[in-house]
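The first residue in the sequence is number 1, and the count goes up from there.
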Amino acid sequence: MKFSRFTVQSSVYNGVITDDNIIREIKGDMFGEWEYTGKTFSWTEVKLLSPLEPNQIIGIGANYVSNVDELPRDLPEIPVFFFKPTSSVIGPEEEIVIPDTLDRVKFESELAIVIGKEAKNVPEEEVLHYVFGYTIGNDVTAPQYFHQDGHWTIGKSFDTFTPLGPVIETELDPFLVEVTAKLNDVEKQNSSTELMIIPIRKMVSYLTRVMTLKPGDVILTGSPVGAELVGAGDVIECEIQEIGKLRNTFVAARESINA
């Protein structure tokens, strides 16, 4: 199923997208009990938002290699994880604002995991039982703000730096998808999730040994090789074919304020 969140005439709705691209409104808890209201919408009358308002956002750094032969035999004992604030979340077609102190920032197309059940100390073989679905994330980054000792928080945290969408797909094999990105219609990233250094099961299981994951938590699983710095006016389109396309335009902070 494809779950969406959207606005129609300033009202916010949640819905499920049917095979014929009709959106059926739902009410209730997406992660628990919900039902159809009987109301439907067409694509032409809605504006898609981020498909959820995350509980928290956790990312993993440097998690892809260029080809299978480069996968390490021994995995890192402590993977590099970081948090992103929920205030950084935007949806499809919204503008990514480059801070006024910078000319360029970096895009990072990623498969994003949406947790559906409270998870603590989960074995690797049971991880998928706690996953609600998957969406696309763009882990926008200002590496100029990375601390010299390796702290990434500020460079990951600016408002608009976490586009998510367009939908949450619940029926997906996360091990057999291609994560891609086009910058101004030119392909820059295209990698299978099999090129992850820390695989999905190990990644989520590790996190549950450190913290309790809650419904609505989003885990950004890393970005393929090919991400680069971009500037105002550039258009980034992150795609996972089974989920859809997440398209956003970069703008300078002053342009955003004037608009």
Item to check | Exam field: side chain S87 to backbone D159, donor-acceptor pair closer than 3.5 Å | outcome: no
Checklist entry - Between R24 and T40, which heavy-atom pair has the shortest distance, and what is it? => result CG-CG2, 4.1 Å
Checklist outcome for this item: Heavy-atom closest pair (L229 atom, P143 atom, distance to 0.1 Å) is CD2-CG, 4.1 Å
Item to check | Pair K27 + E35, salt bridge at N-O below 4.0 Å | outcome: yes
Checklist entry - Got a donor-acceptor contact below 3.5 angstrom from the E95 side chain to the T249 backbone? => result no
Checklist entry - Where is the tightest heavy-atom contact between I60 and P79, given as atom of each residue plus distance? => result CD1-CB, 4.2 Å
Item to check | Side-chain (N63) to main-chain (I198) donor-acceptor, under 3.5 angstrom | outcome: yes
Checklist entry - For atom CD of E125, is the number of surrounding heavy atoms from other residues, nucleotides or ligands below 6.0 Å larger than 12? => result yes
Checklist entry - Within the distance-only criterion (no hydrogens, no angle test), does the side chain of T221 pair as donor or acceptor with the backbone N or O of L111 below 3.5 angstrom? => result yes
Next on the checklist: For V218 versus A112, what's the shortest heavy-atom pair and its separation?
Outcome noted: CG1-CB, 4.0 Å
Checklist entry - Are T101 and Y145 close enough that a side-chain donor and a side-chain acceptor fall under 3.5 Å? => result yes
Checklist entry - Just by modelled atom types, is the V16 backbone N or O under 3.5 Å from a matching donor or acceptor in the S4 side chain? => result no
Checklist entry - Under 3.5 Å, is there a donor-acceptor pair between the side chain of T170 and the main chain of M1? => result yes
Checklist entry - Given K188 and E228, is the salt bridge (Lys or Arg N to Asp or Glu O under 4.0 Å) satisfied, shown in steps? => result CA-CA 8 Å; K188 295 295 183 178; E228 61 184 54; 3.6 Å; yes
Checklist entry - Under the 3.5 angstrom rule, does the side chain of E169 hit a backbone N or O of E171 as a donor-acceptor pair? => result yes
Checklist entry - Between R5 and E53, is there a side-chain N and carboxylate O pair less than 4.0 Å apart? => result yes
Next on the checklist: Surrounding CD1 of I22 (heavy atoms of other residues, nucleotides or ligands, distance under 6.0 Å), is the total greater than 12?
Outcome noted: yes
Checklist entry - I96 versus I90: any side-chain heavy-atom pair under 4.5 Å? => result yes
Item to check | Single-linkage hydrophobic cluster, 4.5 Å side-chain cutoff, I57 and L52 together | outcome: yes
Next on the checklist: Ignoring hydrogens and geometry beyond distance, is a side-chain donor-acceptor pair present between T141 and K106 at under 3.5 Å?
Outcome noted: no
Next on the checklist: Donor-acceptor pair, distance only, cut-off 3.5 Å: does the side chain of S88 make one with the backbone of K84?
Outcome noted: no
Next on the checklist: I'd like to check T135 versus V167 (side-chain heavy atoms, cut-off strictly below 4.5 Å). Are they in contact?
Outcome noted: no
Checklist entry - Parallel, tilted or perpendicular: which describes the rings of F132 and F31, with under 30° parallel and over 60° perpendicular? => result perpendicular
Checklist entry - How many angstroms lie between CD1 in I23 and CG in N14, if you round to the nearest 0.5 Å? => result 11.0 Å
Checklist outcome for this item: Shortest non-hydrogen pair, F3 vs P51, comes out as O-CB, 4.1 Å
Checklist entry - From S205 OG over to I200 CD1, what is the distance, rounded to the nearest 0.5 angstrom? => result 13.0 Å
Checklist entry - With a cut-off of 6.0 Å (strictly less than), are more than 12 heavy atoms of other residues, nucleotides or ligands near CG of D103? => result no
Next on the checklist: Can a donor-acceptor pair be found, under 3.5 Å and without considering hydrogens, that links the side chain of S191 to the backbone of V179?
Outcome noted: no
Item to check | F82 with I219, same ILVMFWY side-chain cluster at under 4.5 Å | outcome: no
Checklist entry - Quick one: are V12 and L49 in side-chain contact, heavy atoms under 4.5 Å? => result yes
Item to check | Straight-line distance of N184 CG to D234 CG, nearest 0.5 Å | outcome: 4.5 Å
Checklist entry - Got Q189 and V225 here, is their nearest side-chain heavy-atom distance under 4.5 Å? => result no
Next on the checklist: Do T212 and E118 pair up side chain to side chain, a donor and an acceptor below 3.5 Å, judged on atom types alone?
Outcome noted: no
Checklist entry - Where does the angle between the aromatic ring planes of F41 and F6 fall among parallel (under 30°), tilted (30 to 60°) and perpendicular (over 60°)? => result perpendicular
Checklist entry - Is the closest basic N to carboxylate O distance between E237 and K182 below 4.0 Å? => result no
Checklist entry - Without hydrogens or angle criteria, can the side chains of S223 and E110 be said to hold a donor-acceptor pair below 3.5 Å? => result no
Next on the checklist: For the backbone of N138 and the side chain of S109, can you confirm whether one donor and one acceptor N or O come within less than 3.5 Å of each other?
Outcome noted: no
Next on the checklist: On a heavy-atom basis, which atom in Y64 and which in G222 lie closest, and how many Å separate them?
Outcome noted: CE1-O, 3.3 Å
Checklist entry - With no hydrogens and no angle check, do the side chains of N21 and W43 hold a donor and an acceptor under 3.5 Å apart? => result yes
Item to check | Crowding at CG, N121 (>12 non-hydrogen neighbours, <6.0 Å) | outcome: yes
